[in-house]
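Remarks on the structure that follows.
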Amino acid sequence: MSSEKIYLDNNATTPCDPRVVDAMIPFFYDLPGNAASRNHPFGWEAEDAVDKARQQIADLIQVDAKEIIFTSGATEADNLALKGVYEMYQRKGNHIITLQTEHKAVLDACKKIEKMGGEVTYLPVQGDGLVDLAALEAAITDKTILISIMYANNETGVIQPMKEIGEICEKHGVLFMSDATQAVGKIPVHPKELGIHLMAFTGHKMYGPKGVGALFVNRKNPRVKVTAQMDGGGHERGMRSGTLNVPGIVGFGKAAEIAGAEMEQDAKRLAKLRDKLEQAFVNSVEEVYINGNTEHRMPHVTNISFKHVEGEGLMMTFNQHLALSSGSACTSASLEPSYVLIALGLGDDLAHSSLRFSLGRFNTEAEIDRVIESVSAGVQHMRDLSPIWEMYKDGVDLESVEWQEH
Ligand SMILES: *Cc1c(COP(=O)(O)O)cnc(C)c1O
């Protein structure tokens with residue numbers, strides 16, 4: 001990456017590791033085979049490469065290679081898990097439980113399931129973003145077939161108590177699905193130890209290529225099945241038809257191998273840089289709030305509100321050289337505050353004033369120093385221009401001000 005521009009939006013997507021690209025290149029030129037071609041060496045070589053990648057990915061999460069179903073990404077894996085379980089287990093029940101803070105790939109698939117006749121409970125979370133385990137257990141009915149709870153949140157990095165959730169699922173005989181997109185490859189994720197039966201993740205959030213992901217589907221105790229959402233040649237044991245993206249899968253496998261070898265040192269280094277960044281703001285910028293639980297959290301993420309500063313406006317002061325995300329989402333008509341931060345109980349203004357910093361393997365300490373400077377200067381600049389900040393500094397109680405309607 002260019003030395004001038006700083007990329008701190010690794011939760012949106014990560015750059016490919018050069019070692020990943022090197023592993024993929026032969027599969028565009030010298031090894032162009034279709035992994036489903038069974039009658040010539042090009043096909044065999046492609047199939048061998050897919051088998052190797054499947055094993056690399058299975059090793060990373062400590063499952064059997066047969067339990068990995070390749071998809072086009074985590075969105076598709078989430079859809080396959082949710083809709084596939086709903087269709088397969090309809091006779092057992094039609095109720096699914098998930099969280100209000102899930103990714104749209106889960107929430108929108110659940111909306112579709114409701115249209116198909118399913119019932120979905122969208123549980124609120126606590127102020128720190130964690131699920132309330134008692135509320136989760138209380139939401140289970142005799143119609144509940146699936147609990148879907150993300151491993152780590154993409155906006156806050158908050159990690160849910162997966163083991164405890166797994167135990168609740170086990171006790172009630174309910175399947176446990178997790179969107180682990182933000183966790184796999186960054187921290188140790190072992191679904192079998194946690195009682196997770198289905199797990200979605202993707203290449204491009206772990207330094208692999210875009211457009212390739214996977215769904216782990218448990219094969220034994222219990223043997224889980226999902227109804228295919230894509231019909232065709234019966235690839236991936238009938239669960240996901242379509243010619244396999246061989247170069248992408250090879251890259252995904254290589255990314256998994258690298259992650260397995262390096263995640264511990266990466267996580268330690270990034271946690272130090274993240275903490276340095278966070279502490280710099282906490283210590284030298286006024287009215288700063290860290291969103292989400294800071295103990296059960298991914299090592300490379302922090303989500304911070306700079307009170308009385310619009311995140312989108314703040315980003316404009318430095319977005320020519322620094323990439324971050326704000327707590328506002330662009331909808332057709334307006335900027336909506338992040339539904340994840342709203343679910344944590346933030347008001348609209350604190351949600352709009354938040355920035356997500358997500359660090360990655362290729363960020364350096366020098367970059368973090370520059371980020372501290374840029375963002376601190378941006379906050380100062382915005383506040384200098386802000387009548388609201390001036391009122392706040394003058395001790396006006398902003399809650400009690402009666403704003404004139406226009
Ligand atoms: C990025 C992301 C997805 C979507 O993954 P794609 O591979 O881009 O489809 C799903 N869930 C979470 C939590 C994510 O962060």
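All heavy atoms count here, side chains included; hydrogens, waters and symmetry mates do not. The model shown is predicted, which means the values in this text are computed figures rather than measured ones.
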*asked:* With a sphere of 6.0 Å drawn around OH of Y29, does it hold more than 12 non-hydrogen atoms of other residues, nucleotides or ligands?
replied: no

*Report the distance from atom CD of Q182 to atom CD1 of I187, rounding to the nearest 0.5 Å.*
10.5 Å

_Greater than 12 external heavy atoms within 6.0 Å of E170's CD_ = no

*Where do D179 and D78 come nearest, in terms of heavy atoms and distance?*
OD2-OD2, 2.9 Å

_Nearest heavy atoms of V20 and G208, plus distance in Å_ = CG1-CA, 4.1 Å

*Pairwise side-chain contact, Y86 with L146, heavy-atom cut-off 4.5 Å (strictly under)*: no

*Donor + acceptor pair across side chains of N303, T156 (<3.5 Å)*: no

_Full working for ring-ring contact (aromatic ring centres under 6.0 Å, His included) between F281 and F357_ = CA-CA 12 Å; F281 296 137; F357 303 82; 5.6 Å; yes

*Min side-chain heavy-atom separation K186-P299 under 4.5 Å*: no

_side chain to side chain contact (heavy atoms under 4.5 Å, CB included) between I57 and I249, intermediate numbers included_ = CA-CA 10 Å; I57 292 162; I249 287 169; 5.5 Å; no

_Between Q55 and D51, do the side chains contain a donor N or O and an acceptor N or O under 3.5 Å apart?_
no

*asked:* Tell me whether K254 is salt-bridged to E257, with the criterion being a basic N under 4.0 Å from an acidic carboxylate O.
replied: yes

*Test side chain to side chain contact (heavy atoms under 4.5 Å, CB included) on T302 and I290 and set out the steps.*
CA-CA 7 Å; T302 179; I290 298 168; 4.2 Å; yes

_Any donor-acceptor N/O pair, N153 side chain to T101 backbone, under 3.5 Å_ = yes

*Distance-only donor-acceptor check, side chains N154 and T181, under 3.5 Å*: no

*Under 3.5 Å, side chain of T14 to main-chain N/O of H204, donor-acceptor pair present?*
yes

*Can you pull the salt bridge (Lys or Arg N to Asp or Glu O under 4.0 Å) pairs that have at least one residue in residues 187-212, sequence neighbours excluded?*
E67-K192

*Can you check whether T317 reaches M382 side chain to side chain, under 4.5 Å on heavy atoms?*
yes

*Could you check if a side-chain atom of L136 sits within less than 4.5 angstrom of a side-chain atom of L123, using non-hydrogen atoms only?*
yes

*Between K276 and D369, is there a salt bridge with N-O shorter than 4.0 Å?*
yes

_Are I372 and L277 packed together at the side-chain level, in the sense that at least one heavy-atom pair is separated by less than 4.5 angstrom?_
yes

*asked:* Within the structure provided, determine whether K104 and Y339 are in side-chain contact (heavy-atom separation under 4.5 Å).
replied: yes

_Does this structure show an ion pair linking D64 with R219, if we count only N-O contacts that are shorter than 4.0 Å?_
no

*Is there a donor-acceptor contact under 3.5 Å from the side chain of N218 to the main chain of P222?*
yes

_Exceeds 12 heavy-atom contacts within 6.0 angstrom, atom CD of E390_ = no

*Does the Q160 side chain pair with the main chain of G129, one donor and one acceptor, at a distance under 3.5 Å?*
yes

*Neighbour count above 12 (heavy atom, 6.0 Å) for F42 CZ*: no

_For K272, is the NZ atom crowded, meaning more than 12 foreign heavy atoms sit under 6.0 Å from it?_
no

*E155 and S338 side chains, donor-acceptor separation under 3.5 Å*: yes

*asked:* If you apply the rule side chain to side chain contact (heavy atoms under 4.5 Å, CB included), what do you find for L60 with M263, and how did you get there?
replied: CA-CA 10 Å; L60 177 66; M263 75 165 79; 3.6 Å; yes

_Nearest-0.5 Å distance that lies between atom CZ in R54 and atom CZ in F252_ = 11.0 Å

_Polar side-chain atom of R370 near backbone of E4 as donor-acceptor pair, under 3.5 Å_ = yes

_Measuring only between side-chain heavy atoms, which start at C-beta, is P15 closer than 4.5 Å to N10?_
yes

*Hey, what do you get for OG1 (T71) to CZ (R240), rounding to the nearest 0.5 Å?*
6.5 Å

*Of all heavy-atom pairs between V224 and V217, which one has the smallest distance, and what is that distance?*
O-CG1, 3.5 Å

*Is Q320 atom CD crowded by more than 12 heavy atoms from other residues, nucleotides or ligands, each under 6.0 Å away?*
no

*Of all the heavy-atom pairs spanning A81 and M177, show the shortest one and how long it is.*
CB-SD, 3.5 Å

*asked:* Determine whether Q265 and R269 satisfy the following criterion, side chain to side chain contact (heavy atoms under 4.5 Å, CB included), listing intermediate values before the conclusion.
replied: CA-CA 6 Å; Q265 74 195 52; R269 191 179 71 88; over 6 Å; no

*If only atom types and distance count, is the side chain of N34 paired as donor or acceptor with the main-chain N or O of A36 below 3.5 Å?*
yes

*With no hydrogens and no angle check, do the side chains of H321 and S374 hold a donor and an acceptor under 3.5 Å apart?*
yes

*Atom pair NZ (K163) and CD1 (I168), whose distance is rounded to the nearest 0.5 Å*: 13.0 Å

*Measure from the side-chain N and O atoms of H197 to the backbone N and O of F176, and report whether any donor-acceptor pair falls under 3.5 Å.*
yes

*So, the side chain of Y207 versus the backbone of P18: is there a donor-acceptor pair under 3.5 Å, distance only?*
no

*Residue from L355, V288, N291 passing side-chain contact (heavy atoms from CB on, under 4.5 Å) with I304*: V288

*Residues K393, E287: salt bridge by 4.0 Å N-O rule*: no

*Are more than 12 heavy atoms from other residues, nucleotides or ligands located less than 6.0 Å from atom CD of E264?*
no

*Any idea which heavy atoms bring C110 and T98 closest together, and the distance?*
SG-CG2, 4.1 Å

_Checking the side chain of S325 only, and the main-chain atoms of R356 only, is there a donor and an acceptor separated by less than 3.5 Å?_
no

_Exam field: side chain S241 to backbone G234, donor-acceptor pair closer than 3.5 Å_ = yes

*Between OH on residue Y7 and CG on residue L324, distance to nearest 0.5 Å*: 10.5 Å

*asked:* Between E286 and R383 (salt bridge meaning N to carboxylate O under 4.0 Å), is one present in this structure?
replied: no

Pairs under 3.5 angstrom only: tabulate donor-acceptor contacts from the side chains of residues 306-316 to other protein residues two or more places apart or in another chain.
{"from": "E312", "atom 1": "OE2", "to": "S326", "atom 2": "OG", "distance (Å)": "2.6"}

_Atom of Y151, atom of V189 and distance for their closest heavy-atom approach_ = CE1-CG1, 3.6 Å

*Output the distance between atom CG (N94) and atom CD (E119), rounded to the nearest 0.5 Å.*
5.0 Å

*Only one of N11, L273, L8 forms a side-chain contact (heavy atoms from CB on, under 4.5 Å) with H300, so which one is it?*
N11

_Any heavy-atom pair between the side chains of L346 and Y289 that's under 4.5 Å?_
no

